[in-house]
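Take a look at this one; I'll ask things after.
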Amino acid sequence: MDIRYVIAIDGPAASGKSTTAKQLAKLLHYVYIDSGAMYRACGLKALQKGIKLTDHESLKEMLSHIDIRIEYAPEGNKIYLDNNDVSARIREADITRLASEIAVIGIVRERMVELQRKMGEEGGVIMDGRDIGTVVFPDADYKFFMVADVKTRALRRWQEATEKDEKLILEEVEQELLWRDKNDSTRKHSPLRQAEDAILIDTSAMSIQQQVEYIYQIVREGKCMK
Ligand code: DC
């Protein structure tokens with residue numbers, strides 16, 4: 001697509017954001033940026049350096065020279081932290097939790113927002129996360145907020161893991177999602193919430209294909225929300 005829109009997709013974990021955003025980016029020839037991966041990389045770096053999340057001085061120092069790079073790859077974006085490919089490591093359970101914990105810290109969010117704005121400044125970008133439509137790009141051309149009931153989301157996560165031969169217990173996946181929903185939506189700084197001008201999509205009964213098609217049609221119509 002020639003017009004270089006900024007498209008924001010927010011919502012809780014496993015609501016369908018990233019799979020939809022990835023496929024949509026391919027269709028539109030846009031860049032896909034997974035902002036959650038950046039918080040995950042921050043959590044990993046703090047862990048590697050043995051920095052406690054209460055030690056804001058050390059975190060500040062760490063953030064001043066953190067090097068996070070997102071590179072396109074046909075099988076899915078690669079995430080580099082200080083030139084190391086951490087794409088698989090940041091998806092592990094300890095980092096999933098740590099990402100949510102580090103994301104409550106104001107100085108961490110300020111730095112990530114700064115980097116995210118830089119990455120999206122030229123448009124032609126789809127960014128997904130929790131605060132893209134509310135804080136990172138409040139003037140985004142299109143904003144979507146994806147939700148799904150927790151049982152559906154837990155099942156999706158469990159199926160993804162099972163396909164990769166990871167053995168998870170469905171009830172535990174659901175508990176972890178509920179914990180993250182609460183942590184992400186009750187924090188002081190930029191909590192997860194729907195922007196007033198975002199289009200709400202409940203994906204509980206939708207296939208990925210339907211989600212992609214739905215957003216694609218809206219964007220192709222070219223009626224900017226602004
Ligand atoms: O999208 P994800 O599950 O990879 O995100 C991991 C954590 O990062 C999530 O629990 C909260 C945080 N996050 C955030 O606070 N703001 C964003 N824009 C994206 C993610």
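For ligands, and for the atoms within them, numbers begin at 1 and follow the listed sequence.
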Listed pairs under 3.5 Å, donor-acceptor, residues 106-125 side chains, sequence neighbours left out:
{"from": "R109", "atom 1": "NE", "to": "S190", "atom 2": "OG", "distance (Å)": "3.3"}
{"from": "R109", "atom 1": "NH1", "to": "A103", "atom 2": "O", "distance (Å)": "2.7"}
{"from": "R109", "atom 1": "NH2", "to": "Y39", "atom 2": "OH", "distance (Å)": "3.3"}
{"from": "R109", "atom 1": "NH2", "to": "D131", "atom 2": "OD2", "distance (Å)": "3.0"}
{"from": "R111", "atom 1": "NE", "to": "L63", "atom 2": "O", "distance (Å)": "2.9"}
{"from": "R111", "atom 1": "NH1", "to": "E114", "atom 2": "OE2", "distance (Å)": "3.2"}
{"from": "R117", "atom 1": "NE", "to": "V136", "atom 2": "O", "distance (Å)": "2.9"}
{"from": "R117", "atom 1": "NH2", "to": "V135", "atom 2": "O", "distance (Å)": "2.7"}

| Within the distance-only criterion (no hydrogens, no angle test), does the side chain of T203 pair as donor or acceptor with the backbone N or O of M206 below 3.5 angstrom? | no
| Polar side-chain atom of Q217 near backbone of E221 as donor-acceptor pair, under 3.5 Å | no
| query | Any side-chain heavy atom of Y80 within less than 4.5 Å of one from I68? | reply | no
| request: Enumerate the protein residues lying less than 4.0 Å from ligand 1, judged by heavy-atom distances, in chain and residue-number order. | output: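 Lining ligand 1 at under 4.0 Å, by heavy atoms, one finds S35, G36, Y39, R40, R91, A99, S100, A103, R109, G129, R130, D131, I132, R180, D184, R187.
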| task | Please check if the side chain of K143 supplies one atom and the backbone of G133 the other of a donor-acceptor pair under 3.5 Å. | result |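 Yes; at least one donor-acceptor contact below 3.5 Å.
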| query | Side chains of I79 and I90: does their closest heavy-atom pair fall under 4.5 Å? | reply |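 SC-SC contact between I79 and I90 confirmed.
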